[in-house]
Engineer: 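Next up is a structure, given as structure tokens.
Everything quoted here is computed from the prediction, not taken from an experiment. Hydrogens, waters and symmetry mates play no part in the numbers below; they use all other heavy atoms, side chains included.
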Amino acid sequence: MDVDSTGIKDPPPATTPSLKRPQEEVLEEVNGASKRQRPDDPKAVEVDQGEGEGEGEGGGEAAEASTQGAKGKEKGKGKKDGGRNKRQRGKKGEETAYERTRRRGTRPEGEAAPTTEDGEPKAPRLPKRQCALLIGFCGDGYNGMQIQPDPKLRTIEGVLFDALIKVGAVSKDNSDNPTKVKLGRAARTDAGVHAAGNVVSMKLINVIPGVPDLVARINEELPPEIRLWSILRVQNSFNARTTCDSRKYTYFFPSYLMIPPKPGSGLYNTLKSQGAEPPAHPFWDRVDAEQQASPQDDLRRKRAYRIAPEQLASLREAATKFEGSHNFHNFTVGRDFRDRSCQRFLRSVEILDPAVYGDTEWIAVLLHGQSFMLHQIRKMISALVLSCRTGTPPHLIEEMYGPRQVFIPKMPALGLLLEYPIFESYSKRVASVNEKLRPDDPEYRPSIDFEAHREQLDEFKQNHIYSKMRSIEDQFGIFDGWIRSIDAYAGHDLEYLNAKGVIPASAVIKRGEYRHNPFREKKRFDATSFPAGSTGANAASVEDEESSEEEEALPLDKEELADLEG
């Protein structure tokens, strides 16, 4: 019987007897079976993933594959993953090369290593599977989403990773470095920013002996402000960041930010000098010009303010200028107009009807975009609010997409919430694969849909995000402190706020050129939590605002900036 390079045997002619000795024929049968190794063979899976721990389903069936090969019944097997089979049927000696690609120190699934250094036997190696973890969190008190090299910095991923190690979903061998399990996230959030939904992708031990409900077990190890909604088995090529199609965010702010600058303030005088003095507003008409009301008195009155229908309409009109594909280089940091990555696509920007909570009226802005650069949403909402409250025409936003660089202050981080990332293309792809499969089939891959957890998400947002956000604003007046820092500024950086809606030369920033009296960002507006003992009076004082430090420059390259996107 002849064996070709693919390991497929052609039937011998009936009239020609075999010239080979019997032991040679037996040897060829075994070699042919090895070359036709099934795709779920542990060796083949390890090679395909480039790791020593098996990724494929049904590992440990190599003996069965060999038996079937020896009987000549393996023809046509493994068509679902023909790519791997083709590689396995390559040149002579390739099977030996597969063995060498296995990482040093690894062992087949289920096999226990002899002992550890202290004499304790290692636990059996359990198979890892590529999974998507659907989570939600309140970012208050955390140094952002992404794990940091400094172990002292508390991050969402760091706490989650520790919990996965404790329950055995990440092995001890991989506990020292998250890159070993290819950990990634769909959207990175800054320090203090919340997320009702986010996705972490990683290779996870998703079946642990003695743990019937892995999600519930992991949630037992997590603090209440971080919740795991579900663990979904995904395709091996799944990457939370690159597979994600778009993200939905919400930004909340009190409607009193729409009150025009206070007469006599720095911004009011700047507008007046440009012939764009804001018209008299009823809110300030009630204050006696001779009376020096304290910031606390003003804030109490601001919380009773309710936005006029005309102002709400102007907000909605200006918000449409963000929709579509634009160059958002002015709405981030460290990017130049010529940088093609600044071109971003926003599907929609929707402003909901105002809602009153406690004494304050709040406005919610829903943003749905393909992706967002660092600080992009906070700067977008800032440009929206500042232009509308000063009577600047909405086409100013379109001017900001041009090559001239201007400074746009960031809104407070307190109001930003990641609703959830969307995986529309991936869900459609797996839906077509799942048509002929049952949900309990090992090859079945569920779609990623946060709406399936809508009730849990809404309850979590109400108890852990909205309540804290409103409580901090009520106690510290963060948004009031921010808008007063804007109004106190009397330099040139905000002179694009004018009646014509054009960017004057005085407001243009040129690299390497000295700027007299530049606007200084206040670090505390990046925070979402404040030390015990702080008071609203301390947080809201103008003196404190004017003594804050200037925002630090970010010496980051393009790769680092891309990693900060969400």
Side-chain angles (χ1 to χ4, degrees), residues 39 45-57 80-81 83-84 103 127-137 144-148 155-158 160-161 164 169-171 174 177-190 195 197-206 218 228-249 341 344-345 368-374 418-434 442-450 557-566:
V45 172
E46 287 168 354
V47 172
D48 185 53
Q49 296 302 316
E51 294 199 7
E53 296 181 303
E55 171 64 16
E57 306 285 355
K80 288 183 180 178
D81 203 348
R84 283 190 284 192
R103 192 174 69 243
K128 300 196 303 286
R129 312 296 186 206
Q130 186 71 3
C131 295
L133 284 71
L134 278 60
I135 65 172
F137 54 86
M145 170 77 180
Q146 191 172 358
I147 288 180
Q148 301 295 323
T155 65
I156 300 296
E157 282 182 355
L160 174 64
F161 194 68
L164 296 174
V170 172
S171 67
N174 295 327
N177 191 347
T179 60
K180 289 183 178 180
V181 291
K182 299 181 180 179
L183 187 145
R185 78 288 311 160
R188 180 199 178 277
T189 55
D190 294 335
N198 202 354
V199 171
V200 171
S201 60
M202 63 186 299
K203 298 181 75 175
L204 192 74
I205 301 172
N206 63 336
I218 294 172
L228 176 63
W229 306 127
S230 62
I231 298 175
L232 303 178
R233 181 79 168 88
V234 292
Q235 293 178 336
N236 292 340
S237 61
F238 182 89
N239 178 287
R241 182 164 174 256
T242 58
T243 312
C244 181
D245 293 309
S246 58
R247 288 93 174 160
K248 283 187 175 182
Y249 283 85
S341 64
R344 299 296 164 115
F345 177 72
H368 183 189
Q370 190 173 17
S371 61
F372 296 90
M373 294 182 288
L374 179 64
L418 169 63
E419 291 289 348
Y420 55 76
I422 298 172
F423 297 83
E424 187 176 2
S425 299
Y426 174 80
S427 296
K428 286 181 179 178
R429 185 165 68 248
V430 296
S432 63
V433 175
N434 293 337
E443 296 298 322
Y444 185 89
R445 300 291 179 266
S447 62
I448 299 176
D449 183 14
F450 278 93
D557 59 28
K558 289 183 180 180
E559 228 176 274
E560 292 171 313
L561 283 171
D563 199 40
L564 298 178
E565 296 175 3

Engineer: Going by heavy atoms in the side chains, are Arg129 and Ile231 under 4.5 Å from each other?
Structural biologist: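 No - every pair of side-chain heavy atoms lies 4.5 Å or more apart.
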Engineer: Sequence neighbours excluded, which residues qualify as side chain to side chain donor-acceptor pair (under 3.5 Å) partners of Thr243?
Structural biologist: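 Per chain and number, Thr243 pairs via side chain to side chain donor-acceptor pair (under 3.5 Å) with no residue.
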Engineer: So do Pro421 and Asn198 actually touch side chain to side chain, heavy atoms under 4.5 Å?
Structural biologist: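 Yes. Closest side-chain heavy atoms under 4.5 Å.
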Engineer: Quick check: closest heavy atoms across Ala132 and Ile448, and the distance to 0.1 Å?
Structural biologist: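 Looking at all heavy atoms of both residues, the closest pair is CB-CD1, 4.2 Å.
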Engineer: Decide yes or no for Lys182 and Ser201: does some side-chain heavy atom of the first lie under 4.5 Å from some side-chain heavy atom of the second?
Structural biologist: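 No - every pair of side-chain heavy atoms lies 4.5 Å or more apart.
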Engineer: Might you point out which heavy atoms bring Arg429 and Gln235 nearest each other, and give the distance in Å?
Structural biologist: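 Smallest heavy-atom distance, with atoms named: NE-OE1, 3.3 Å.
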Engineer: For Asp245, give me all partners under side chain to side chain donor-acceptor pair (under 3.5 Å), at least two apart in sequence or on another chain.
Structural biologist: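 For Asp245, the residues satisfying side chain to side chain donor-acceptor pair (under 3.5 Å) (neighbours in sequence not counted) are Ser425.
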Engineer: Is there a side-chain contact between Met202 and Val170 in this structure, where contact means two heavy atoms from C-beta onward sitting under 4.5 Å apart?
Structural biologist: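 Counting from C-beta outward, Met202 and Val170 do come under 4.5 Å.
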Engineer: In Å and rounded to the nearest 0.5 Å, what is the OG to OH distance from Ser237 to Tyr426?
Structural biologist: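 Here the interatomic distance stands at 7.5 Å.
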Engineer: Which residues pass the side chain to side chain donor-acceptor pair (under 3.5 Å) test with Asp449, sequence neighbours left out?
Structural biologist: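 Scan of Asp449 (side chain to side chain donor-acceptor pair (under 3.5 Å), adjacent residues dropped) gives none.
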Engineer: Just how far is it from atom CG of Leu164 to atom OG of Ser171, taken to the nearest 0.5 Å?
Structural biologist: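 Reported value, rounded in 0.5 Å steps: 11.5 Å.
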Engineer: What's the spacing between Gln146 CD and Thr189 OG1 if we round to 0.5 Å?
Structural biologist: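 Going from CD on Gln146 over to OG1 on Thr189, the span is 9.5 Å.
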Engineer: Can you give me the closest heavy-atom contact between Ser447 and Leu232, atom names plus distance?
Structural biologist: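 Heavy-atom minimum between the residues: O-CD1, 3.6 Å.
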Engineer: Is the shortest heavy-atom distance from the side chain of Phe161 to the side chain of Val181 under 4.5 Å?
Structural biologist: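 Phe161 reaches Val181 side chain to side chain.
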Engineer: Which heavy-atom pair separates Gln130 from Arg233 by the least distance, and what is that distance?
Structural biologist: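 Looking at all heavy atoms of both residues, the closest pair is O-NH1, 3.2 Å.
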Engineer: If you look at every heavy atom in Arg247 and Arg241, which pair is closest and at what distance?
Structural biologist: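 In terms of heavy atoms, the two residues are closest at NH2-O, 3.5 Å.
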Engineer: Listed by chain and number, what are the ring pair (Phe, Tyr, Trp, His ring centres under 6.0 Å) partners of Phe423, not counting sequence neighbours?
Structural biologist: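 By the ring pair (Phe, Tyr, Trp, His ring centres under 6.0 Å) rule, Phe423 matches Phe238.
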Engineer: Closest approach of Leu134 and Phe450, non-hydrogen atoms and distance?
Structural biologist: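 That closest heavy-atom pairing would be CG-CZ, 3.6 Å.
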Engineer: For residues His368 and Ile422, determine if any side-chain heavy atom of one lies less than 4.5 Å from a side-chain heavy atom of the other.
Structural biologist: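 SC-SC contact between His368 and Ile422 confirmed.
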Engineer: Please report the interatomic distance NZ(Lys128) to NZ(Lys203), rounded to the nearest 0.5 Å.
Structural biologist: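 Interatomic distance, Lys128 NZ to Lys203 NZ, rounded to 0.5 Å: 4.5 Å.
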Engineer: Does the side chain of Arg445 come within less than 4.5 Å of Val433's, by heavy atoms?
Structural biologist: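 Side chain of Val433 against side chain of Arg445, heavy atoms only: no contact under 4.5 Å found.
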Engineer: Considering residues at least two apart in sequence or located in another chain, which fulfil the side chain to side chain donor-acceptor pair (under 3.5 Å) criterion with Thr155?
Structural biologist: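 Partners of Thr155 under the side chain to side chain donor-acceptor pair (under 3.5 Å) test: none.
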Engineer: For the atom pair CD (Glu157) and CZ (Arg185), what is the distance rounded to the nearest 0.5 Å?
Structural biologist: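 Answer for the CD-CZ pair, Glu157 versus Arg185, is 4.0 Å.
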